[in-house]
Amino acid sequence: MTRAHVTRDPSTTTLPGKNDVLPDELSPDDDLLKPREVAELFGVRTTTIARWAREGRLSPLRTPGGHRRYTRSSLRKLLADAARPEEPTTDDAVRLYEQGWSIRQVAERFDVSYGTMRRLLRGRTTLRTRGGHPPDDY
């Protein structure tokens, strides 16, 4: 295929048809993955992949039919960004929860979903019951 500069919307690029040109950032040997495949690689749901695309964390390419596809190189970039050391948000979240904040309040404070924060906290501390008390040990 011939390469040429393709003007694109900052969030998406349409994949070329058979006789069209490839976008500059797409190399011929770069695999295109479906959202389901990307979700399996990251261990998340496909809805999370769609949200990451809306937030700009991932840049999808669009097929002529409008379906999203992701390049392995863009996924490597996201993994590299995630591997960088981050501020100690997990410890801060646990501290706030142990000070009496609800899971929902902590999730809002760190701009993550309730389910994500619940899973994060469950791995680091004992969660309270709905009444606000630690579960009884029998």
Side-chain angles (χ1 to χ4, degrees):
M1 285 192 180
T2 312
R3 291 192 170 275
H5 180 70
V6 176
T7 305
R8 68 182 209 126
D9 175 33
S11 62
T12 62
T13 297
T14 302
L15 289 175
K18 269 198 279 189
N19 299 321
D20 293 336
V21 294
L22 284 171
D24 288 336
E25 68 273 2
L26 184 61
S27 68
D29 51 78
D30 200 2
D31 292 337
L32 294 177
L33 301 174
K34 295 178 181 181
R36 182 182 323 138
E37 296 167 326
V38 176
E40 288 173 8
L41 286 172
F42 283 95
V44 297
R45 295 180 178 180
T46 55
T47 54
T48 302
I49 300 303
R51 188 182 76 233
W52 288 352
R54 283 191 309 274
E55 293 172 349
R57 293 173 67 183
L58 285 173
S59 295
L61 301 172
R62 296 276 186 168
T63 66
H67 299 280
R68 289 184 180 98
R69 296 295 183 263
Y70 301 90
T71 61
R72 283 202 188 271
S73 59
S74 68
L75 300 178
R76 283 188 205 105
K77 182 179 179 280
L78 182 64
L79 284 171
D81 290 345
R84 279 186 277 149
E86 294 184 13
E87 49 196 74
T89 56
T90 304
D91 293 339
D92 291 339
V94 170
R95 181 179 47 80
L96 291 175
Y97 180 76
E98 289 177 346
Q99 289 177 355
W101 288 40
S102 70
I103 296 173
R104 194 162 311 279
Q105 289 171 322
V106 177
E108 288 174 6
R109 168 69 174 83
F110 291 99
D111 196 30
V112 297
S113 70
Y114 172 87
T116 299
M117 184 55 66
R118 190 174 193 291
R119 283 189 296 275
L120 180 110
L121 291 172
R122 186 175 52 207
R124 301 287 304 269
T125 188
T126 302
L127 298 181
R128 298 184 296 265
T129 62
R130 289 184 186 235
H133 305 289
D136 294 332
D137 293 324
Y138 289 103

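Computed from heavy atoms alone, side chains included, the values below leave out hydrogens, waters and symmetry copies. No experiment lies behind these values; they were computed from the predicted model shown.
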Once rounded to the nearest 0.5 Å, what's the spacing between atom CH2 of Trp101 and atom CG of Leu121? 12.0 Å
Cation over ring, Arg128 on Tyr97, under 6.0 Å and within 45°? yes
With rounding to the nearest 0.5 angstrom, report the CZ to CD1 distance, Arg119 to Ile103. 11.5 Å
Heavy atoms, side chains only, cut-off 4.5 Å: are Trp52 and Val38 in contact? no
Please give me the minimum heavy-atom distance between Val106 and Ala93, naming the atom from each residue. CG1-CB, 3.7 Å
Check: Leu120 and Phe110 side chains under 4.5 Å, non-hydrogen atoms: no
For Thr48, the side chain to side chain donor-acceptor pair (under 3.5 Å) test, sequence neighbours excluded, returns none
Note: Val44 and Ile49 closest approach over all heavy atoms is CG2-CD1, 3.7 Å
Starting at CZ of Arg122, measure out to CG of Leu127 and round the result to the nearest 0.5 Å. 7.0 Å
Output all residues satisfying side chain to side chain donor-acceptor pair (under 3.5 Å) with Ser102, sequence neighbours left out; order by chain, then residue number. Gln105
List the residues meeting side-chain contact (heavy atoms from CB on, under 4.5 Å) with Leu41, not counting sequence neighbours, and say none if there are none. Leu33, Arg72, Leu75
Would you please name every residue forming a salt bridge (charged side-chain N to carboxylate O under 4.0 Å, His left out) with Arg124, sequence neighbours left out? Asp91
Return the set of residues passing side-chain contact (heavy atoms from CB on, under 4.5 Å) with Glu108 (not counting sequence neighbours), or none when no residue passes. Arg104
Can you measure from OH (Tyr70) to CG (Asp31) and round to the nearest 0.5 angstrom? 16.0 Å
Under a 4.5 Å cut-off applied to non-hydrogen side-chain atoms, are Arg62 and Arg68 in contact? yes
Residues that Tyr114 engages under ring pair (Phe, Tyr, Trp, His ring centres under 6.0 Å), provided they are two or more places apart: none
Just to verify, what does Arg95 make a salt bridge (charged side-chain N to carboxylate O under 4.0 Å, His left out) with, not counting sequence neighbours? Asp92
Ser113: side-chain contact (heavy atoms from CB on, under 4.5 Å) partners, not counting sequence neighbours: Thr116
With salt bridge (charged side-chain N to carboxylate O under 4.0 Å, His left out) as the rule and sequence neighbours excluded, what pairs involving residues 38-57 come up? Arg51-Glu55
